[in-house]
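Inspection log for the structure reproduced underneath, given as structure tokens.
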Amino acid sequence: QGQLVESGGGLVQPGGSLRLSCTASGFDVGGYKVAWFRQAPGKEREGVACISSGDGRTRYADSAKGRFTISRDNAENTVYLQMNSLKTEDTAVYYCAADSGFPIETIFIRQRYLEVWGQGILVTVSS
């Protein structure tokens, strides 16, 4: 059974950067679309960024555009989320998820149907 494991979270000051990793085991993540989601305290989980499996197309939430970059290294079976210019409102538990079916244009709204989820990792942006 496939698994996803997030790493790279932690505490960072406003304006700082973090790179999250999402490493797959038990399946080849290269054949999957992968998305990052986040859930802040008291809020619903929301899509942040996603990347397609073949041509590497990406899609970002408005809150992430210009600051976050999603990328993948299929040889490492890993997807990354580079987060720059972090703000206090970026504080959340970040999750990665993978799916072989849905196009990236719909992956955020179909999150409850995605095939594989990681356990989540906390990112805290605070001075």
* Go through the structure and list residues passing side-chain contact (heavy atoms from CB on, under 4.5 Å) with T58, not counting sequence neighbours. => I51, Y60, I70
* When you check the gap from the basic side-chain N to the acidic O, do D99 and R110 get nearer than 4.0 Å? -> no
* Structure fact -> For D62, the side chain to side chain donor-acceptor pair (under 3.5 Å) test, sequence neighbours excluded, returns K65
* To do: Tell me, please, which residues at least two apart from V123 pass side-chain contact (heavy atoms from CB on, under 4.5 Å).
  => L18, L20, M83, Y94, V125
* Summary of side chain to side chain donor-acceptor pair (under 3.5 Å) pairs that have at least one residue in residues 22-37, sequence neighbours excluded -> T23-T78
* **side-chain contact (heavy atoms from CB on, under 4.5 Å) partners for S127, two or more places apart** => P14
* **Pairs involving residues 45-55, ordered by first then second residue, that meet salt bridge (charged side-chain N to carboxylate O under 4.0 Å, His left out) (sequence neighbours left out)** => R38-E46, D55-R57
* Straight-line distance of Q111 CD to F37 CZ, nearest 0.5 Å -> 5.0 Å
* Looking only at non-hydrogen atoms, find the nearest pair between F108 and A61 and report the distance. => CE1-N, 4.2 Å
* Does a side-chain heavy-atom distance below 4.5 Å link S21 with E6? -> no
* Structure fact -> E76 meets the side chain to side chain donor-acceptor pair (under 3.5 Å) criterion, sequence neighbours left out, with none
* Hey, quick one: are I104 and Y95 part of the same hydrophobic cluster, counting side-chain heavy atoms closer than 4.5 Å, chains of contacts allowed? -> no
* Is the CD atom of E89 crowded by more than 12 outside heavy atoms at less than 6.0 Å? -> yes
* With sequence neighbours left out, what residues match S71 under side-chain contact (heavy atoms from CB on, under 4.5 Å)? -> Y80
* Asked: Considering only heavy atoms from C-beta outward, does the side chain of L114 approach that of R112 to under 4.5 Å?
  -> no
* To do: Starting at CG of L122, measure out to OG1 of T91 and round the result to the nearest 0.5 Å.
  => 7.5 Å
* Asked: Of all residues at least two apart in sequence or in a different chain, which pass the disulfide bond (SG atoms under 2.5 Å apart) check with C50?
  -> none
* Structure fact -> Between G30 and R72, the two heavy atoms sitting closest are CA-NH2, 3.6 Å
* Supply the atom-to-atom distance K87 NZ to R67 CZ, rounded to the nearest 0.5 angstrom. => 4.5 Å
* **Members besides V5 in its Ile/Leu/Val/Met/Phe/Trp/Tyr cluster (side-chain heavy atoms under 4.5 Å)** => none
* Asked: Are W117 and V34 linked, directly or through other ILVMFWY residues, by side chains that come within less than 4.5 angstrom of each other?
  -> no
* Spatial distance of atom CG (L86) from atom OG1 (T124) [nearest 0.5 Å] -> 11.0 Å
* Any pair counted as disulfide bond (SG atoms under 2.5 Å apart), so long as it reaches residues 6-47, sequence neighbours left out -> C22-C96
* List in chain and number order the residues that pass side chain to side chain donor-acceptor pair (under 3.5 Å) with E115, two or more places apart in sequence or in another chain; answer none if no residue qualifies. => S100
